[in-house]
Amino acid sequence: MAIADDLKKTLTDPTPLYFAAGTADLAVQQAKKVPELIEQLRAEAPARIEAVKNTDPKAVQEAVTAKVAEVFGAIDPKKIGETAQDLALRGVGVAAEYAVRAKETYDKVAEHGEQAVRAWRGEVSEEIVDIAVVVEPRPEPTPDAQAEAAAEERPAAKKPAARKSTAKKAVVTADDAS
């Protein structure tokens with residue numbers, strides 16, 4: 001039965017759909033920025049290309065060779081095992097941290113998607129509805145509504161009297177049990 005319940009919960013959970021909607025909405029927002037980025041690249045590209053053309057390949061090769069020699073010279077063969085174990089443990093910690101961040105990001109994107117879907121549907125967000133309920137005064141009841149409310153209260157007055165007798169019985173039975 002638990003498998004059926006899990007399956008039902010999985011199939012009725014709208015979060016993945018909200019995540020997809022949020023992803024699509026964020027992609028559209030980012031796509032709107034593309035023309036600005038293209039213009040920026042178009043303006044900066046000639047200067048960057050010229051800098052690459054003017055760079056001496058031998059100077060770059062010497063700098064890379066010196067850096068590689070520095071890194072390999074600092075390696076101690078005795079400490080390689082300790083370093084590998086330390087890196088593996090750090091990797092596990094980093095992976096756990098990334099898993100937590102991924103879940104938080106998933107939840108944020110799903111929430112954004114839910115808001116986007118509501119906006120697409122033209123629905124008002126829950127927060128605005130809550131504020132409106134607090135701010136708006138309640139309408140005054142009409143005389144007919146007041147009469148109906150009074151009629152509903154009369155039978156309800158008889159029911160608490162019956163409950164009192166039950167409460168007395170419970171007290172008596174509790175005293176008898178002692």
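Atom OG1 of Thr105 is separated from atom NZ of Lys103 by 11.0 Å, given to the nearest 0.5 angstrom. The CD atom of Glu114 lies 8.0 Å from the OG1 atom of Thr15; values are rounded to the nearest 0.5 Å.
Gln61 is listed as a side-chain neighbour of Thr65, based on a closest heavy-atom distance under 4.5 Å.
Judged as a salt bridge (Lys or Arg N to Asp or Glu O under 4.0 Å), and not counting sequence neighbours, Glu50 has no contacts. In terms of the salt bridge (Lys or Arg N to Asp or Glu O under 4.0 Å) criterion, Glu104 has no residue partners (sequence neighbours excluded).
The stretch residues 26-46 participates, sequence neighbours left out, in these side-chain hydrogen bond (donor to acceptor under 3.5 Å, both in side chains) pairs: Asp25-Gln29, Glu39-Arg42, Gln40-Glu44, Glu44-Arg48.
Both Phe72 and Val64 are members of a single hydrophobic cluster when ILVMFWY side chains are connected at heavy-atom separations under 4.5 Å.
Between Glu62 and Lys58 there is no salt bridge, since no side-chain nitrogen of the basic residue lies less than 4.0 Å from a carboxylate oxygen of the acidic one. A salt bridge links Arg90 and Asp86; the closest N-O separation between the charged side-chain nitrogens and carboxylate oxygens is under 4.0 Å.
When hydrophobic residues (I, L, V, M, F, W, Y) are linked wherever their side-chain heavy atoms come within less than 4.5 Å, the members clustered with Phe19 are Leu26, Tyr106, Val109. Grouped by direct or indirect side-chain proximity (heavy atoms under 4.5 Å, Ile/Leu/Val/Met/Phe/Trp/Tyr only), Val117 sits with Tyr18, Trp120. With a 4.5 Å cut-off between side-chain heavy atoms of Ile, Leu, Val, Met, Phe, Trp and Tyr, the cluster of Ile38 takes in Val34.
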